[in-house]
*Asks:* 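My questions will all concern the structure given below.
Index from 1, following the sequence.
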Amino acid sequence: MCKDLPWSRVAFAVIGVSLHCTAEAAGMAVVEGGHIEAQLKSAAVANHAGGSTSRNFLRLGFLRQAQAQGRARALQASEQAVEQAASAPKLLTPQPNDTIPEEYWVGVDNAIKKAAANTPAPPSKNDPRARPTPGPWEKILTASAKEATLDPEEAAKKLTDWEYATPGPPQVGKPLREQEVNVVPYDMKLGATIMAKLSKHGAALETPPPTQAMVNEAFVAQCPMMLLSSAVLIGAPKCQDPLGTWQVPNTDRTILRWREDGKGGLFMGVDSKVTGKGSVEFARISELVTLNKYTFALSNCMGVVRYNLDEQVIRVNHMAPHAESTMYAHDVSRSREAFFYKYVISYPNGTNVAETGMYRLDHSALNFTAVTPNGAPTGIVLAAARRVGSWKRGSWRDCTRNKRGWRLDFPSTGNYSIDTVATVQDLRVVAAAAMTLLAYREEGTASDGFRHQGQGYLYWSLVKSAILLFLAAFLLAVLWLYVASRNLDRRLRRLCFRLEAAFMPRRPANFRKPEINMTY
């Protein structure tokens, strides 16, 4: 029954259901009135048959009152049904020519444009950064004060118009134009500019400084990169091929090609379809001019030095042949002078990165281990080198069927079937380059234990520098003698004074006192 429905449901019912419930309530009222009228007739008959008693009169009066109330409720329910039917929205019946007019779509577009004009755009990463709050040095640079100055337009009128030139009555209280005038002295502005450039702003900058990773990526992107696996086979130039190779072991894929540059160093390049094999520079090892040691600079394709390779030569007075250390048993009767070698890899600032163990000529294995910045070994093996084939010194250049060279394994990279991108900054590339230089310099080792590749170029560099210094000193002496003999020193002195008087600022006669102190 509708009178038993909860009010929450009745509030959300549709209009048809409410009308149905109202009609049902009206029907109930009518039915209830009919029942009351039937009972009233039966009571009247009983009263007439049984006589007039007080009980029958009370019952008859109660039934008549109930009949009146039922009729009132039925009338009220019917009135409510009529009101709800009148207030219900009229249903639109579709017509054959019902179409949406063009004005409707124009109104919709205008409403959307109006809403878009008042709606702020959502933030995105491409939005310009908000200008940062100026720091203390920027505030000094922009310090200014308002000063009342003459209006230029008014001054121009006074010069051209006779009315302004004619003296008139004084005008009291005429405002002058106000403008911002910088009150910072020149020395303070210079100091504030320098300090603002040197200050670390960090994230407060409009364009924050790039991170080290971004700088490294932009720097490395200018040079070629190689796919380097966890193992490299270094081969020498042979079979009339002037280029040595770095290859992937057990394959014929060439990673890089190298050759000597005639100055005691090595050139390393990658292949190009346009310019040929090993023609694109990847790295270069150049010998530096030193007096008491052998130092080589490993630079990238742009000539920027990334690492230094120091070759150390250690002489031992007594050591048996093929003995690597005195801690192992060896034939002391055959002891004679021996030479050990060692390579140290360091950054250009001198910080050590890695080093090799001490080795003798014609050794068969060698390890590159990481070291701390102060040179202490860490025990971490970066690369393990072993000789491939049976050969000594320069015999690896012989044209043979079996491969000869040095194989480098990088334990920290896992299986060599997985290739990774490498640059000159990669320690694997540095270890392979150092091993290539080591094998190349072993070919020219003399009986005194020293390597003489590029020695003639170094001597010629010293002689050339001495000749250039001598020529420069000789030309200066000749020039001075010529000036003194022609009495040109006085003429040059007068010329310099005239230039100073013509172009340089003169000393002011009166000094204007600054508005604020120059220094604090």
Side-chain angles (χ1 to χ4, degrees), residues 228 232 234 246 258 260-261 263-266 268 283-300 303-316 319 324-327 338-387 406-412 422-446 448-455 458:
L228 191 65
V232 175
I234 303 173
W246 290 6
W258 63 273
E260 51 185 312
D261 60 358
K263 302 177 182 179
L266 299 177
M268 301 178 181
R284 185 185 293 271
I285 300 177
S286 304
E287 186 173 4
L288 304 179
V289 179
T290 54
L291 298 177
N292 56 356
K293 62 181 180 178
Y294 295 104
T295 303
F296 301 86
L298 176 62
S299 57
N300 59 6
V304 180
V305 178
R306 310 307 298 159
Y307 291 95
N308 287 334
L309 307 176
D310 295 331
E311 183 185 74
Q312 300 178 2
V313 182
I314 300 98
R315 184 175 66 88
V316 180
M319 180 68 70
E324 297 292 339
S325 175
T326 56
M327 67 181 298
F339 294 92
F340 286 82
Y341 303 91
K342 181 180 180 180
Y343 277 81
V344 178
I345 303 172
S346 61
Y347 289 118
N349 60 1
T351 305
N352 294 336
V353 179
E355 65 180 10
T356 65
M358 294 175 52
Y359 66 92
R360 299 183 68 174
L361 290 178
D362 304 327
H363 58 289
S364 60
L366 183 66
N367 288 341
F368 289 84
T369 57
V371 296
T372 59
N374 57 2
T378 60
I380 302 175
V381 179
L382 301 177
R386 61 182 178 87
R387 189 185 297 267
W406 287 95
R407 171 171 174 154
L408 265 73
D409 293 285
F410 308 107
S412 60
T423 61
V424 181
Q425 193 69 18
D426 197 326
L427 287 177
R428 297 175 298 171
V429 176
V430 180
M435 195 65 211
T436 306
L437 179 65
L438 184 152
Y440 165 70
R441 290 182 60 81
E442 273 192 351
E443 300 177 12
T445 304
D448 58 356
F450 294 98
R451 284 80 182 270
H452 300 284
Q453 292 97 332
Q455 190 172 2
L458 293 178

*Asks:* Do any N or O atoms from the side chain of Thr378 and from the backbone of Ala370 form a donor-acceptor pair under 3.5 angstrom?
*Replies:*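 Answer holds: yes.
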
*Asks:* Can Thr436 and Trp246 be counted as having a side-chain donor-acceptor contact under 3.5 angstrom?
*Replies:*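 Result is yes, a qualifying pair exists.
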
*Asks:* To the nearest 0.5 Å, how far apart are CG in Leu437 and OH in Tyr343?
*Replies:*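 One finds 4.5 Å between CG of Leu437 and OH of Tyr343.
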
*Asks:* Please determine if Arg407 and Asp409 form a salt bridge, counting it only when a charged side-chain N lies under 4.0 Å from a carboxylate O.
*Replies:*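 Yes.
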
*Asks:* Quiz question: by atom type and distance under 3.5 Å, do the side chains of Thr295 and Asp310 form a donor-acceptor pair?
*Replies:*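 Yes.
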
*Asks:* Less than 4.0 angstrom from a charged side-chain N to a carboxylate O is my criterion; do Glu287 and Lys263 meet it?
*Replies:*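 Looking at Lys263 together with Glu287, the answer is no, because their closest N to O distance does not fall below 4.0 Å.
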
*Asks:* Calculate, to the nearest 0.5 Å, the distance between atoms CD1 and CE belonging to Ile234 and Met435 respectively.
*Replies:*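 If we round to the nearest 0.5 Å, Ile234:CD1 and Met435:CE are 6.5 Å apart.
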
*Asks:* Is the Tyr359-Phe340 ring centre distance short of 6.0 angstrom?
*Replies:*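 Between Tyr359 and Phe340, the centre distance exceeds or equals 6.0 Å.
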
*Asks:* For Tyr440 and Glu260, test the side chains for any donor-to-acceptor distance below 3.5 angstrom and give the result as yes or no.
*Replies:*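 Looking only at side-chain atoms, Glu260 and Tyr440 do form a donor-acceptor pair, the distance falling under 3.5 Å.
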
*Asks:* Classify the side-chain pair Thr351/Asn349 by whether it contains a donor and acceptor separated by less than 3.5 Å.
*Replies:*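 Yes.
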
*Asks:* Between Asp426 and Arg428, does at least one N-O distance fall below 4.0 Å, as a salt bridge requires?
*Replies:*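 Salt bridge flag = yes for Arg428 with Asp426.
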
*Asks:* Find out whether Leu382 and Val430 are in side-chain contact, i.e. whether some heavy atom of one side chain is under 4.5 Å from a heavy atom of the other.
*Replies:*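 When only atoms from C-beta onward are counted, Val430 and Leu382 do not touch, as no gap falls below 4.5 Å.
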
